[in-house]
Amino acid sequence: MSHPSKHLLAIEGLEPPHIGDLLDLAESYALLNRSGKTQRDLLKGRTLINLFFEDSTRTRTSFELAGKRLGADVINMSVSTSSVNKGETLLDTASTLNAMHCDLLVIRHAQSGAPALLSQKVDAAVINAGDGTHEHPTQALLDALTIRRHKGRLEGLVVAICGDITHSRVARSNVHLLTTMGSRVRLIGPPTLIPADADRLGVEVFHDMKKGLAGADVVMMLRLQKERMAGGLVPSAREFFRFYGLDAEKLAHAKPDSIVMHPGPMNRGVEIDSAIADDPVRSVIGEQVEMGVACRMAVLDVLARRLPRNR
Ligand code: ASP
């Protein structure tokens with residue numbers, strides 16, 4: 001099992017064998033989870049702290065579940081109950097966590113680079129659970145695993161990532177992972193929501209949904225991230241849906257057996273029509289959540305193997 005670092009801070013920098021190993025291990029956890037045999041003692045005696053400075057439903061819960069299924073002691077710290085509200089800095093929080101001998105630290109933060117900074121200050125292995133607009137590596141892993149289960153491979157697939165690319169750490173991690181694994185990635189969105197240097201990422205850029213979706217194997221929708229917009233980038237939700245929202249008419253341009261994905265939380269009627277989101281054949285959104293637990297188990301497992309014993 002190869003992993004190049006003590007931490008998982010980003011997909012960028014991982015090579016095909018690192019990603020392939022994580023996905024294979026995650027697949028075995030997915031099968032184990034489905035069989036109901038979930039109790040393992042791999043992380044017995046290890047402490048996992050979930051440190052979330054931004055809201056989360058799926059990611060925080062699935063890291064908690066993943067840690068518990070592997071036998072770790074799991075502690076959830078949310079900002080509202082921590083001293084951060086009393087002015088404690090991120091690095092002060094780090095030394096507190098260090099003093100508690102935490103083994104695995106999962107962090108989400110609004111600032112890009114916060115997990116990397118923390119990783120230099122704590123003894124624990126740090127996992128980035130989403131930092132600003134930078135990366136969300138475990139989301140890209142669970143997306144890749146879901147795609148691989150449906151399409152049997154990543155190489156050569158046409159994957160269209162649509163909507164608010166600029167503010168999306170999910171898009172960034174997915175672009176790195178999918179291009180590394182040989183997929184052909186297209187970014188589709190209005191010019192205001194696609195980074196100016198996107199073509200340097202080895203992707204194709206489209207501003208027209210129908211053209212961009214033509215022949216796609218995978219259609220990945222993103223949430224319109226209003227909380228990260230300075231304003232004025234999108235005329236109105238209604239207008240956005242008309243041009244960039246996924247409905248049956250636009251989806252008809254993708255391959256007939258294409259799958260539809262969304263990392264959640266969804267803005268129904270803004271970036272995706274409810275009928276598509278809930279389509280039992282085309283939508284794999286529920287399976288993405290299921291694969292999230294399996295991928296996070298794989299990441300915890302791989303990082304824990306590199307930790308010293310008896311800390
Ligand atoms: N849940 C994902 C994230 O934290 C996607 C989103 O929020 O739209 O980046």
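Remember, it's 1-based here, ligands and their atoms both numbered in the order they're listed.
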Quick one: sort the F53 and H109 rings into parallel, tilted or perpendicular, breaks at 30° and 60°.
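Correct class here is tilted.
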
Let me check something: do F63 and L307 share a hydrophobic cluster, defined by ILVMFWY side-chain heavy atoms less than 4.5 Å apart, either directly or through other members?
yes

F52 reachable from V289 in the ILVMFWY side-chain graph, under 4.5 Å edges
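In one cluster with V289: F52, no.
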
Partner residues of R58 under the salt bridge (charged side-chain N to carboxylate O under 4.0 Å, His left out) criterion, sequence neighbours left out:
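None.
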
For the residue pair R108 / H136, report whether a side-chain donor-acceptor contact shorter than 3.5 Å exists.
yes

Can you give me a line-by-line list of nitrogen or oxygen pairs between ligand 1 and the protein shorter than 3.5 Å?
residue, atom, partner, partner atom, Å
ligand 1, 1 (N), G264, O, 3.0
ligand 1, 4 (O), R108, NH1, 3.4
ligand 1, 4 (O), R108, NH2, 3.1
ligand 1, 4 (O), R169, NE, 3.4
ligand 1, 4 (O), R169, NH2, 2.8
ligand 1, 7 (O), R223, NE, 3.4
ligand 1, 7 (O), R223, NH2, 3.0
ligand 1, 8 (O), R223, NE, 2.7
ligand 1, 8 (O), R223, NH2, 3.4
ligand 1, 8 (O), Q225, NE2, 3.3
ligand 1, 9 (O), R169, NE, 2.8

Kindly indicate whether a cation-pi arrangement holds for K250 with F241, taking the cut-offs as under 6.0 Å to the six-membered ring centre and within 45° of the axis.
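K250 over F241 ring: yes.
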
